[in-house]
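What follows is one structure encoded as structure tokens, with my remarks underneath.
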Amino acid sequence: MPELPEVEVVRRGLEQWVAGRTVASVQVHHPRAIRRHLEGADSFVQALTGRTLTAAHRRGKYLWLPVAEPGGAPTGRALVAHLGMSGQLLVEKPSAPDETHLRARFTFTDRGRELRFVDQRTFGGLAVEELGAGDSVPPRLAHIAIDPLDEAFDVDAFSAALRRRRTEVKRALLDQTLIGGVGNIYADEALWRARLHGARPTDKLTRAQVADLLEGVRDVLGEALAQGGTSFDSLYVDVNGQSGYFSRFLAVYGQLDRPCPRCGTPIRRESFMNRSSYSCPVCQPRPRASSASARRP
DNA sequence: ACAACTACCTGGTCGC
DNA sequence: TGCGACCAGGTAGTTG
């Protein structure tokens, strides 16, 4: 599943292979892929055809590519992409056969490689959105918090916000308004590193625990990004989370009954927020039932 | 205001 | 072999 490291790998691929090129044509193969472009497919195509994609930016799991007029003047708009659960942005030769789940295709005036949006489960999507003032983050993405790898990430503000909340710590990690880019997989990995159970109430966490958690998040995202970077094939902007580094590097996610890398106890799986959560029963003891998460109605 | 739940979606896997 | 149930989970929108 594409979380921050995977999306950042895609961003780098787009920056290298797509930025600076001018769109020759756009084909929308599935209306759901552009459902968030409310004006419809014709408008989406019109907004991009003949214009230049100037760069590739990311906030959390969102990507956007600013759009410029043929002369280079900014349009104040950007192609915004979210990969959802299964989305891929692929840079491929025009001769490459269509993927089964091809949702949109962009060709370029240089007649080079195409950009394709492929998405089996159609949770992802594309849209052309207005940029903020000074060509900054699209306002529609403004609620997404900056991510912990960003220099501007405010540790103290995050700690304060976390401890102000009355919720469980895993829910908070997945809340994109608090911290950007963390999904189910890296949330479990970060919690394991910080030796915290995901059901721990955030308002009871100590400052030191929050600091450990944040360090866990940063380390796991950073390591995943480094791994993703090494497996990146420069001819193929890949988002296939299944391949490569995943199994080698995850301590708990998907590791049911395998030994905890720290203490050897078999990893457990729990249903949590209608998701699977993996943790070590010894390193990450469940909080007592008196916590905020279990208070009586 | 804030917290929590649900719809959305499809391919693979499992049990019978 | 077929078929239905279930699972994966990010986000927006709704409900409480």
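Protein chains get the first letters and strands the later ones, always in sequence-line order, with residue 1 at the start of each. All values reported here derive from a predicted model rather than from experimental measurement.
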Please tell me which of the listed nucleotides, B:dA4, C:dG10, B:dG11, lies nearest to the side chain of A:Arg171? B:dA4
Does a nitrogen or oxygen in the side chain of A:Ser276 sit under 4.0 Å from OP1 or OP2 of C:dA8? yes
C:dA8, OP1 or OP2 - any side-chain N/O from A:Arg269 closer than 4.0 Å? yes
For A:Gly181, is there any backbone N or O sitting under 3.5 Å from a side-chain donor or acceptor partner on A:Asp147? no
Ordered by number, residues from residues 175-184 of chain A within less than 4.0 Å of DNA chain C (heavy atoms) are A:Gln176, A:Gly183, A:Asn184
Flag side-chain contact, heavy atom, 4.5 Å: A:Trp192 against A:Arg262: yes
Under 4.0 Å between a side-chain N/O of A:Tyr186 and OP1 or OP2 of C:dG10, yes or no? no
Rounded to whole Å, CD of A:Glu129 lies from P of C:dA12 at a distance of 10 Å
Is the shortest side-chain heavy-atom distance between A:Phe272 and A:Glu168 below 4.5 Å? yes
Side-chain atoms of A:Arg166 come closest, of B:dC5, B:dA3, B:dG11, to B:dA3
How many whole angstroms separate atom CG of A:Leu4 from atom P of C:dT11? 11 Å
Do A:Thr107 and A:Ser25 have side-chain N/O donor and acceptor atoms under 3.5 Å apart? yes
Do A:His37 and A:Ser43 have side-chain N/O donor and acceptor atoms under 3.5 Å apart? yes
Nearest-angstrom distance from the residue atom CD of A:Glu99 to P of B:dT10: 18 Å
A:Thr122 has its side chain closest, among C:dA8, C:dA12, B:dC9, to B:dC9
Report the distance from atom CZ of A:Arg165 to atom C1' of B:dA3, rounded to the nearest whole Å. 8 Å
Measure CG/A:Leu250 against C1'/C:dA8 and give the value in whole Å, please. 15 Å
What integer distance in Å separates A:Leu174:CG from B:dT6:P? 17 Å
Please determine if a side-chain N or O atom of A:His82 lies less than 4.0 Å away from the OP1 or OP2 oxygen of C:dT11. yes
C:dA8 base / A:Arg121 side chain donor-acceptor hit below 3.5 Å: yes
Assign each of A:Arg164 and A:Arg275 to its nearest nucleotide of DNA chain B by heavy atoms, then name whichever residue's nucleotide is nearer the 5' end. A:Arg164
Please check the phosphate of C:dA12 (OP1 and OP2 only) for any side-chain N or O of A:Arg140 closer than 4.0 Å. yes
Which of A:Gln88, A:Glu99, A:Gln27 passes side chain to side chain donor-acceptor pair (under 3.5 Å) with A:Arg116? It is A:Glu99
Quick one: is C:dA12 close enough that its OP1 or OP2 comes under 4.0 Å of any side-chain N or O from A:His143? yes
Does OP1 or OP2 of C:dA8 have a side-chain N or O of A:Ser86 closer than 4.0 Å? no
For A:Tyr62 and C:dG10, give me the distance from atom OH to atom C1', rounded to whole Å. 8 Å
Taking CE from A:Met273 and P from B:dA7, how many angstroms apart are they, rounded to a whole number? 16 Å
If you pin A:Arg36 and A:Gln120 to their nearest nucleotides in DNA chain C, which one's is more 5'? A:Gln120
Side chains of A:Arg32 and A:Thr122, donor plus acceptor under 3.5 Å: yes
Salt bridge check: are A:Arg51 and A:Glu69 linked by an N-O gap of less than 4.0 Å? yes
